[in-house]
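Along the sequence shown, the residues carry numbers beginning at 1.
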Amino acid sequence: MSGLWQRKKGGVADRGSAPKAWRWLVPVALAGVCLALAARQSDDESPSVRSVEPPGWWLDHTLNPVRLLISGQHLHQARLKVPKGVKVSNLRRAESGQYLFADLEITPKAKAGELEIEVLTRSGQVKVPFQLMEPARETGLPRGFSSDDVMYLIMPDRFANGDPSNDDPPQSPGLFDRSKPRHYHGGDLRGVQDRLSYLRDLGITTLWLTPWYDNVNHLNRREKYTPDNRLSPDGVPSTDYHGYGAVDFYGVEEHLGSMEELVELCRAARGQGFRMVQDQVANHTGPYHPWATNPPTPTWFNGSADHHLANSWQIWTAAAAHPPADKLKSTLEGWFIDILPDLNQNDPEVSRYLIQNSLWWVGMAGLDGVRQDTLPYAPRSYWARWTSALKRQYPDLTILGELLDGDPELVSFFQGGRARFDGVDSGVDTLFDFPMYFAIRDVFVKGQPMTRLSQTLAADTNYVNPDVLVTFLGLHDVPRFMGEEGATLDGLRQAFTFLLTTRGTPLIYYGDEIGMNGGRDPQNRRDFPGGWPGDASNAFEASGRTAPQESIHAHVRKLLTLRRELPALRQGRQKFLFADAKACAFERRTADESVLVAINNASAEREIELELDHPAWTVASGLTDRLGDLGVVPVQKGRARLRLPARQACVLVPAVALVRSGS
């Protein structure tokens with residue numbers, strides 16, 4: 001008698017009929033009787049397989065053997081039979097009979113193509129496919145990203161609708177409603193691909209998309225929000241449009257498209273010179289993941305749906321030599337918002353699963369970087385293992401970690417490059433510069449002294465490499481710049497001037513380049529105007545932008561042009577020359593080039609005198625403003641005097657530099 005092979009394109013088959021949880025709290029004697037009866041009953045039924053993860057692997061890969069997780073039914077006594085070229089070992093069966101782990105070694109004799117794995121029991125067998133793939137060619141390997149790049153963060157569901165046919169998919173109906181801020185709105189992968197020319201013209205080189213993992217096919221009734229935006233059991237159910245509630249780590253959410261469309265987008269983007277960054281989540285799953293009620297191992301999660309810690313958000317404890325044990329435990333093992341199941345990376349099977357999943361996505365989609373969500377909430381020892389595995393296979397892949405905190409000492413603790421007091425080198429290449437984000441908001445929204453910026457940069461000594469930090473003035477987890485009380489378009493222009501001329505790899509959140517408004521989530525995730533047929537305006541086109549939108553867009557585009565043309569703005573060492581409450585000036589310098597940036601944040605004209613010592617200035621006839629209207633500023637005896645109009649900035653280069661650059 002043959003078994004059953006079930007597979008759902010882009011996700012787990014039949015999520016609604018996930019098996020019931022193992023009853024870990026049943027008395028041991030009764031549990032033993034139940035399991036024995038279940039095993040005896042299973043002997044009389046043929047095996048069935050729901051999924052094999054990963055569904056394929058590569059020849060000549062640095063991670064070999066690959067660890068398979070086979071999910072199904074009646075696997076208590078299952079064994080595996082494989083064809084020549086691969087070998088199976090180290091089988092581990094869950095007592096529930098619903099999971100089977102196995103090492104699959106890919107030998108040098110293996111050939112690329114689809115092979116069949118036979119799952120055998122005394123009552124029957126089922127054949128399941130597994131794909132062996134050729135290694136990626138040199139042109140398809142990760143290139144990473146650096147301060148030479150400009151990142152752009154896209155939430156696909158809110159950016160552009162390129163394929164209305166997936167707005168309300170048959171397997172997950174009723175979740176699409178643009179009038180509801182926590183429902184799907186119809187943006188998708190095709191919409192991103194259709195707007196690549198807009199992004200290239202703006203000056204973007206790297207795309208970071210929020211997670212495209214497959215989400216639950218019905219309303220999320222465990223995460224409800226009241227009309228005043230409070231998380232509450234009395235609120236309205238939401239959807240997982242944002243992608244941070246995965247139910248299938250190997251699937252693509254059908255509202256966004258298919259695996260084929262994802263690969264097509266990544267190839268098209270690479271063909272136009274973009275780099276691609278995936279948003280990965282190793283800390284937790286969505287509350288409706290089949291594992292949540294039926295984990296593959298007893299220690300797959302930290303706790304269970306009925307018995308777990310709530311996350312206390314005390315991330316400082318992960319970097320403290322002597323933290324309070326209870327606070328550290330709730331930070332590393334607590335469930336986000338007391339809802340999201342917290343994965344236990346100390347379980348070797350979990351660790352291996354997550355590492356392989358990251359490698360699989362990089363190889364399948366041709367990624368250049370990985371943004372790892374909620375970095376400090378998993379053990380640092382795990383990150384060391386994870387980054388080591390990724391770098392061994394993809395040395396040029398860039399790994400970006402998220403740690404939402406304003407303390408440079410704490411943020412820097414998680415950057416790789418050296419072992420810390422705990423003996424762990426995280427291996428993480430770079431981090432979001434949240435300390436600088438808070439400084440930018442304080443100065444250009446709240447009117448705090450501009451010395452706040454220079455003081456934040458002075459803390460760069462904490463980092464292994466501050467020049468690769470990802471700087472930004474907004475993203476999807478915070479209110480938009482223009483959503484802050486006191487924000488103005490002048491302040492936004494000034495903030496962009498600082499962001500795009502200072503050290504680091506700048507990031508722009510979709511819509512900030514046109515001054516989109518919005519407070520806390522979900523108001524900071526509104527649809528990009530013009531991304532949907534029938535929108536009242538189309539901000540993807542200059543003719544469709546309002547005057548304020550166009551003024552910001554033109555300013556950002558000009559700054560990105562300067563950043564591209566002037567290497568010192570991307571690679572130069574940064575040195576503050578002047579800073580007081582309302583104005584600042586700094587230099588970006590390389591051995592061959594010097595660029596001066598001055599910003600007046602006051603409501604009146606300011607005069608600033610600067611002393612210049614770079615060799616480039618000794619042969620210059622003056623300073624030429626490439627951004628504003630200062631024209632040529634004379635240089636006399638190594639000194640220059642600037643008269644900056646109110647709320648204006650300048651980017652100054654030696655006059656002779658214009659001849660060399662052909663500008």
Side-chain angles (χ1 to χ4, degrees), residues 151-162 164 167-168 175-192 194-195 198-199 202 204 207-212 215 220 223 225-231 235-244 253 255-256 279 437 441 445 472-489 491-492 495-496 507-541 544-553 556:
M151 300 182 71
Y152 192 85
L153 167 57
I154 297 174
M155 184 164 279
D157 181 63
R158 304 302 166 91
F159 189 60
N161 189 349
D167 289 353
D168 196 29
L175 306 182
F176 168 77
D177 190 338
R178 287 188 71 191
S179 70
K180 297 179 179 178
R182 295 188 187 274
H183 276 52
Y184 286 94
H185 287 191
D188 47 38
L189 300 171
R190 172 61 63 180
V192 176
D194 290 345
R195 302 301 179 177
Y198 164 81
L199 297 169
L202 180 61
I204 303 301
L207 305 181
W208 158 28
L209 275 60
T210 51
W212 51 66
N215 304 317
N220 186 340
E223 188 174 340
Y225 293 88
T226 61
D228 60 349
N229 206 25
R230 290 183 297 106
L231 184 66
V236 176
S238 60
T239 73
D240 291 331
Y241 71 91
H242 44 69
Y244 292 98
E253 169 54 42
H255 284 88
L256 304 183
D279 200 331
Y437 154 78
R441 290 286 180 102
V445 175
F472 58 97
L473 52 83
L475 39 68
H476 63 311
D477 288 326
V478 299
R480 285 194 182 268
F481 186 99
M482 291 303 296
E484 293 264 31
E485 183 179 354
T488 65
L489 289 177
L492 180 59
F496 266 124
L507 164 72
I508 297 174
Y509 181 37
Y510 84 93
D512 277 355
E513 76 274 18
I514 57 169
M516 282 181 64
N517 205 325
R520 292 173 50 214
D521 168 23
Q523 300 306 322
N524 57 350
R525 302 173 179 182
R526 292 171 177 155
D527 300 342
F528 193 103
W532 280 252
D535 278 0
S537 62
N538 181 8
F540 285 112
E541 303 289 342
R545 297 177 199 128
T546 64
Q549 288 174 339
E550 177 59 23
S551 71
I552 298 298
H553 185 277
V556 171

message = Could you check whether R525 makes a cation-pi contact with Y510, meaning its NZ or CZ is under 6.0 Å from the centre of the six-membered ring and within 45° of the ring axis?
response = no

inquiry  = Using the salt bridge (Lys or Arg N to Asp or Glu O under 4.0 Å) criterion, which residues pair with D512? Sequence neighbours excluded.
reply    =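 Counting only residues at least two positions away or on another chain, D512 forms a salt bridge (Lys or Arg N to Asp or Glu O under 4.0 Å) with R480.
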
inquiry  = Restricting to salt bridge (Lys or Arg N to Asp or Glu O under 4.0 Å), what partner residues turn up for D194, sequence neighbours left out?
reply    =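 D194 satisfies salt bridge (Lys or Arg N to Asp or Glu O under 4.0 Å) with no other residue.
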
message = Contact between H242 and D157 at the side-chain level, heavy atoms closer than 4.5 Å - yes or no?
response =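 No, every pair of side-chain atoms sits at 4.5 Å or beyond.
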
Considering only NZ, NE, NH1 and NH2 on the basic side and carboxylate oxygens on the acidic side, decide whether [X] and [Y] come within less than 4.0 Å.
X    : Y    : result
R182 : D177 : no
D167 : R178 : no
R190 : D188 : no

query = What do the steps show when you test R520 against V478 for side-chain contact (heavy atoms from CB on, under 4.5 Å), and what is the final call?
reply = CA-CA 6 Å; R520 292 173 50 214; V478 299; over 6 Å; no

From [X] atom [atom1] to [Y] atom [atom2], the distance as rounded to the nearest 0.5 Å:
X    : Y    : atom1 : atom2 : result
R195 : F540 : CZ    : CZ    : 4.5 Å
Y198 : F528 : OH    : CZ    : 4.0 Å
T546 : I514 : OG1   : CD1   : 8.0 Å
E223 : T239 : CD    : OG1   : 9.5 Å

message = Can you list everything that forms a side-chain hydrogen bond (donor to acceptor under 3.5 Å, both in side chains) with Y184? Sequence neighbours excluded, please.
response = N215

task = For D527 and H185, test the side chains for any donor-to-acceptor distance below 3.5 angstrom and give the result as yes or no.
result = yes

query = Have D279 and Y244 got a donor and an acceptor in their side chains that come within less than 3.5 Å?
reply =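 Judged by distance alone, the side chains do pair up.
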
message = Applying side-chain contact (heavy atoms from CB on, under 4.5 Å) to M151 and I508, what does each step give before you reach the verdict?
response = CA-CA 6 Å; M151 300 182 71; I508 297 174; over 6 Å; no

